[in-house]
J.: 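Sharing a structure here in structure tokens format.
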Amino acid sequence: MSVIKVTVDGTARELEAGADGFGLFTDKTIVAQRVNGELRDLAHKLHDGDVTEGVLISSPDGLNILRHSAAHVLAQAVQSINPEAKLGIGPPITDGFYYDFDVETPFAPEDLKALEKAMDRIIRQGQRFIRRVTTDGEATVELSNEPYKIELIGLKGNQDAVGEGSAEVGAGELTIYDNVDPQTGNVVWKDLCRGPHLPNTRMIGNGYALTRSAAAYWRGNENNKQLQRIYGTAWPTKDELRAHQERLEEAARRDHRRLGAELDLFSFPEEIGSGLAVFHPKGGIMRRVMEDYSRKRHEESGYEFVYSPHITKSNLFEQSGHLAWYADGMFPPMVMDEEVDENGFVRKQGQNYYLKPMNCPFHILIFKSQARSYRDLPLRMFEFGSVYRYEKSGVLHGLTRVRGMTQDDAHLFVTPDNMEEELTKVLGFVLGLLRDYGLDDFYLELSTKEEGNPKFVGDPAIWETATATLQKVATASGLELVPDPGGAAFYGPKISVQARDAIGRTWQMSTIQLDFNLPERFDLEYTASDGTKQRPVMIHRALFGSIERFFGVLTEHYAGHFPPWLAPVQVVGVPIAEAFSPYLHTIADRLKAAGVRVTIDDSDDRMQKKIRNHTMAKVPFILLAGGEDEAAGAVSFRFRDGHQENGIPVDEAVARILKAIEDKVQV
RNA sequence: GCCGACUUGGCGCAAUUGGCAGCGCACCAUACUUGUAAUAUGGGGGUUAGGGGUUCAAGUCCCCUAGUCGGCUCCA
């Protein structure tokens, strides 16, 4: 018997030839092995000199293997119920997996229950996943009933073309995984797949669930046929599945669309149209506070405030290029027909007016309104600009994707020399302001052009300079920087600030975008110190993105428990009995005089009911007063989390409330 | 835009095979005035998203439109 030398989890060992992972890794939570850097099944036989390590089911790779194996079981279940279903692809995704099928009738919610039953049967059988190497020719014959798989075989080796399908085929060997019934040894199902897989189906049963069905375009292209996709989630244990489901429930509780209605902040009246919000008085207070603070900070940071109209003649967006590139995303024009008098002369020229989808061309016209000197730069123009974009009906989502929104938009006109300094300043300003609103966990994304894509206009050399400058500034910030190749706007590269919220979700917040294109199109120039005419660089930036969207993000971040400075009602006074109402009013009057948003609940409800109501309305401070308080010149606090602090002297109570608002802290 | 599901008083929901549109909260009125998350009694409120069709009969079945939700595609 010959012997091979193998490094196992960092330790050199001598094994019998033909040894595999099953013999090496007896820990049942190890589901695969990494051999010489490649993920392999436990059944993979090791060779002399191999370096292998166990892959735990709870590791990122292990979870992917679990979820991908669950996808195979789902596909087998679907074909067991409907043999006519054709297989698309079935990769693991964040928290779960999906599998696409070409079926006559889409799946209904009841179908998912039946499929879970079928999956349970497969899982309980303990089917083994057996890897088998094949060739293009053989596989094409074997899978002649699976047209989508055959298409993937044809794309093998071309990863760009395969895209999402990379779980099926790769650059190396073409493999099929057979699902084998351990009782009979028969192959009961098979799928084109790179693997690896779990040793058997049993481990899937610990914590999986099918979650929803939806349509998805084959290979992600809207010109292709739509397949029916089933999503599922899978975890190593029941507890982890339950924890995942609780996270989803928590996210649902925080949903700004739900809180917007519950807290009476905003709504989307059907009469107005999709994606067009109205802010109610309470949402209006919050929005005004957000805007006022933003204005103050912009003013302090050297921005000048400008205003521009909501509509413009078409030529402005023709010159900017927006009509050529994004006409589909704009509301259709208001058409003013040509008027002709009785002699056939044009009395009034015909014109098309558009609602503006962007503010930049207006700010550019302000720049152009006079001759500019290098002494005028940097010129920073700020506007809360309302823009309208005809978003496709299917993409609208609460306040985060709307058709009418207000951007906190600014355009900075700078010389190439002070570009870097100005970008550094802007990034610092943006991060500082986001922190004031309570977001403090960021990373940056650098979106660059895709080489060779004609969508991106402008001189490649200029793109290079711009990208390098952004990269430098982003790196200097010390924040994590994630590249986003191909993600740039057609006119320039950008940095976007991604913020993580209270439950760890990331939101794209601010963008800082360089633009070498619009100055060219509008022929912008300034006079340099040597008297020559030079072209300024333009920086677009928005902090909130749109106020609506930021409002939605903050609502979810705080789960409606806004810090006092943002809360629509900051203090509610609840008298223990009617007799103590006048006393509470004297305290409320002092707060009111200091600008605090305070009301006294003098309704007929019982005190306990009032506490319940205002707690559910998420009011930061509930002030109670009864006989004991009045006698002591004090007042009692009750907070949203239920805790209380009784008998606080009135002066101290007022000071505490004012300080919490002033300091923008959470309570 | 595409696929699917959904739309019943302000909000959350119910209504069997097509057979009297109901409940809770909220609202209004009256009584009550209580030390930390729901006082009691009574009352008002819906052309079942809008339109068309089938039927003796439609919240329920069919078609169209609008809107919402979940995905896909998109997001200057």
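Quick note on labels: first sequence line is chain A, next is B, and so on, each numbered from 1.
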J.: Please check the phosphate of B:G71 (OP1 and OP2 only) for any side-chain N or O of A:His397 closer than 4.0 Å.
T.: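 The answer is no; no side-chain N or O of A:His397 sits under 4.0 Å from OP1 or OP2.
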
J.: Take A:Gln644 and A:His322, find for each the nucleotide of RNA chain B with the closest heavy atom, and name the residue whose nucleotide sits nearer the 5' end.
T.: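 That would be A:Gln644.
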
J.: What pairs with A:Arg656 under side-chain contact (heavy atoms from CB on, under 4.5 Å), at least two apart in sequence or on another chain?
T.: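 Here the qualifying residues are A:Phe639, A:Glu645, A:Ile648, A:Glu652.
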
J.: Answer with yes or no whether A:Glu222 presents, from its side chain, a donor or acceptor under 3.5 Å of a partner atom in the base of B:C72.
T.: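 Under the 3.5 Å cut-off, the side chain and the base do not form any donor-acceptor pair.
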
J.: For RNA chain B, which consecutive runs of 3 or more Watson-Crick or G-U pairs (each distance under 3.5 Å) count as stems?
T.: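 Output for stems: B:1-7 with B:66-72, B:10-13 with B:22-25, B:27-31 with B:39-43, B:49-53 with B:61-65.
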
J.: What class does the angle between the rings of A:His256 and A:Phe266 fall in, given that below 30° is parallel, 30 to 60° is tilted and above 60° is perpendicular?
T.: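 Because their plane-to-plane angle lies in the 30° to 60° range, the rings of A:His256 and A:Phe266 count as tilted.
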
J.: Calculate the interatomic distance between A:Asp102 atom CG and B:C3 atom P; express it in whole Å.
T.: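 Taking CG of A:Asp102 and P of B:C3, I get 14 Å after rounding.
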
J.: Considering only side-chain heavy atoms of A:Ser274, which listed nucleotide, B:A76, B:U73, B:G67, is closest?
T.: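 So the nucleotide nearest the side chain must be B:G67.
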
J.: Measure NZ/A:Lys225 against P/B:C72 and give the value in whole Å, please.
T.: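 Going from NZ in A:Lys225 over to P in B:C72 covers 19 Å.
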
J.: Quote, to the nearest angstrom, the P distance that separates B:A29 from B:G67.
T.: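 It comes out at 38 Å once rounded to the nearest Å.
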
J.: Select base, sugar-phosphate, or nothing to describe what A:Pro357 touches, counting heavy atoms under 4.0 Å on all strands.
T.: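 Base, at least one base atom sits under 4.0 Å.
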
J.: When only distance counts, do a donor and an acceptor, one from the side chain of A:Glu578 and one from the base of B:U33, lie under 3.5 Å apart?
T.: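 By the distance-only test, yes, there is a pair.
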
J.: Which nucleotide sits closest to the side chain of A:Ala216: B:A76, B:C3, B:C72?
T.: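 Shortest atom-to-atom distance from the side chain points to B:C72.
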
J.: Of all the nucleotides listed (B:U73, B:G35, B:C3), which has the minimum atom distance to the side chain of A:Gln226?
T.: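 Output: B:C3.
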
J.: Rounded to whole angstrom, note down the P distance from B:C13 over to B:A31.
T.: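 It works out to 36 Å between them.
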
J.: If we take the P atom in both B:C6 and B:C63, what is their distance in whole Å?
T.: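 Here B:C6 and B:C63 have their P atoms 13 Å from each other.
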
J.: Would you mind telling me which residue lines up with the more 5' stretch of RNA chain B, A:Gly487 or A:Phe107, judged by nearest nucleotide?
T.: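 Looking at the nearest nucleotide for each, A:Phe107 comes out on the 5' side.
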
J.: Assess whether ring pair (Phe, Tyr, Trp, His ring centres under 6.0 Å) is satisfied between A:Phe522 and A:Phe367, documenting all intermediate values.
T.: CA-CA 10 Å; A:Phe522 282 90; A:Phe367 180 92; over 10 Å; no

J.: Which whole number of Å gives the distance between the C1' atom of B:A58 and that of B:U39?
T.: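 About 43 Å, rounded to a whole number of Å.
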
J.: Rounding to the closest angstrom, what is the interatomic distance between B:G24 and B:G9 at atom C1'?
T.: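 Approximately 13 Å lies between the C1' atom of B:G24 and that of B:G9.
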
J.: Taking only side-chain nitrogens and oxygens of A:Arg229, does any of them come within less than 4.0 Å of OP1 or OP2 of B:G70?
T.: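 Checking A:Arg229 against B:G70: no side-chain N or O falls below 4.0 Å of OP1 or OP2.
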
J.: Does B:G71 have its OP1 or OP2 closer than 4.0 Å to a side-chain nitrogen or oxygen of A:Arg212?
T.: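 So the side chain of A:Arg212 is within the cut-off, an N or O lying under 4.0 Å from OP1 or OP2 of B:G71.
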
J.: When only distance counts, do a donor and an acceptor, one from the side chain of A:Asp605 and one from the base of B:U39, lie under 3.5 Å apart?
T.: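 Looking at the base of B:U39, it does not pair with any donor or acceptor on the side chain of A:Asp605 (distance under 3.5 Å).
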
J.: What contact category does A:Asp629 fall into here, base, sugar-phosphate, or nothing, at under 4.0 angstrom with non-hydrogen atoms?
T.: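 A:Asp629: base contact, heavy atoms under 4.0 Å.
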
J.: Once you round it to whole Å, what is the distance between C1' of B:C75 and NZ of A:Lys494?
T.: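 A:Lys494 atom NZ is separated from B:C75 atom C1' by 9 Å.
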
J.: Counting heavy atoms from C-beta on, name the nucleotide in B:G71, B:U36, B:G1 closest to the side chain of A:Tyr231.
T.: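 Output: B:G71.
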
J.: Of the candidate nucleotides B:G35, B:U33, B:U36, which contains the atom at the shortest distance from the side chain of A:Glu628?
T.: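 Given the options B:G35, B:U33, B:U36, the side chain of A:Glu628 is closest to B:G35.
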
J.: Between B:A26 and A:Lys609, is there an OP1 or OP2 to side-chain N/O distance shorter than 4.0 Å?
T.: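 Yes.
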
J.: Do the two ring centres, one from A:His322 and one from A:Tyr354, sit under 6.0 Å apart?
T.: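 For A:His322 and A:Tyr354, the ring centres are not under 6.0 Å apart.
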
J.: Answer yes when A:Arg253 and A:Glu250 have at least one side-chain N-carboxylate O distance shorter than 4.0 Å, and no when they do not.
T.: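 Yes, charged N to carboxylate O under 4.0 Å.
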
J.: Rounded to whole Å, how long is the line connecting atom CD of A:Glu110 with atom C1' of B:G4?
T.: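 Answer to the nearest Å: 12 Å.
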
J.: Among B:G71, B:C32, B:C2, which nucleotide has an atom closest to any side-chain atom of A:Ala214?
T.: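 It is B:G71.
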
J.: Contact between A:Ile622 and A:Gln644 at the side-chain level, heavy atoms closer than 4.5 Å - yes or no?
T.: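 Side chain of A:Ile622 against side chain of A:Gln644, heavy atoms only: no contact under 4.5 Å found.
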
J.: Tell me the interatomic distance from A:Leu399, atom CG, to B:C69, atom P, rounded to whole angstroms.
T.: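 Spelled out: CG on A:Leu399 to P on B:C69 is 11 Å.
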
J.: Between B:C72 atom P and A:Leu227 atom CG, what is the distance in whole Å?
T.: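 In whole Å, B:C72 P lies 13 Å from A:Leu227 CG.
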
J.: Quick one: are A:Leu112 and A:Thr211 in side-chain contact, heavy atoms under 4.5 Å?
T.: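 SC-SC contact between A:Leu112 and A:Thr211 ruled out.
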
J.: Under the 3.5 angstrom rule, does the side chain of A:Glu548 hit a backbone N or O of A:Thr406 as a donor-acceptor pair?
T.: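 Answer holds: yes.
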
J.: Tell whether A:Gln608 reaches the base of B:U36 with its side chain through a donor-acceptor pair below 3.5 angstrom.
T.: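 Such a pair does not exist between side chain and base.
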
J.: Examine distances only and state if a side-chain atom of A:Lys313 and a backbone atom of A:Asn352 form a donor-acceptor pair shorter than 3.5 Å.
T.: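 Absent.
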
J.: From the options B:U33, B:G35, B:C75, select the nucleotide whose nearest atom is closest to the side chain of A:Ile576.
T.: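 Out of B:U33, B:G35, B:C75, the nucleotide with an atom closest to A:Ile576's side chain is B:G35.
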
J.: State, with a plain yes or no, whether a side-chain heavy atom of A:Phe268 is found less than 4.5 Å away from one of A:Arg257.
T.: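 No, their side chains stay 4.5 Å or more apart.
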
J.: Counting side-chain heavy atoms from CB outward, which of B:U73, B:A37, B:U36 is closest to A:Tyr217?
T.: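 Looking only at heavy atoms from C-beta outward on A:Tyr217, the closest nucleotide is B:U73.
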
J.: Applying salt bridge (charged side-chain N to carboxylate O under 4.0 Å, His left out) between A:Asp102 and each of A:Lys149, A:Lys86, A:Lys225, report the one that passes.
T.: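 Result: among A:Lys149, A:Lys86, A:Lys225, A:Lys225 is the only option passing the salt bridge (charged side-chain N to carboxylate O under 4.0 Å, His left out) with A:Asp102.
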
J.: Say we look at B:G59 and B:U48: how far apart would their C1' atoms be, to the nearest angstrom?
T.: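 Approximately 5 Å lies between the C1' atom of B:G59 and that of B:U48.
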
J.: Quick one: is B:G1 close enough that its OP1 or OP2 comes under 4.0 Å of any side-chain N or O from A:Ser393?
T.: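 Looking at the OP1 and OP2 atoms of B:G1, one of them is under 4.0 Å from a side-chain N or O of A:Ser393.
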
J.: Send over the distance from A:Lys610 NZ to B:A38 C1', rounded to a whole Å.
T.: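 After rounding, the reported distance stands at 14 Å.
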
J.: According to a strict under-4.0 Å criterion, is A:Arg640 in side-chain N/O contact with OP1 or OP2 of B:U36?
T.: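 For B:U36, OP1/OP2 do not have a side-chain N/O of A:Arg640 under 4.0 Å.
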
J.: Whole Å only: how far is the NE2 atom of A:His256 from the C1' atom of B:C69?
T.: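 Checked: the NE2 to C1' distance equals 13 Å.
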
J.: Answer yes or no: side-chain N or O of A:Tyr98 and base N or O of B:G71 forming a donor-acceptor pair under 3.5 Å.
T.: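 There is none.
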
J.: Which value, in whole Å, describes the distance between the C1' atoms of nucleotides B:U30 and B:G70?
T.: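 One C1' to the other, the span is 48 Å.
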
J.: Taking only the P atom of each, what is the distance from B:G12 to B:U8 in whole angstrom?
T.: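 Those two atoms are separated by 8 Å.
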
J.: Check whether any side-chain nitrogen or oxygen of A:Ser213 sits under 4.0 Å from OP1 or OP2 of B:G4, and answer yes or no.
T.: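 So the side chain of A:Ser213 is outside the cut-off, no N or O lying under 4.0 Å from OP1 or OP2 of B:G4.
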
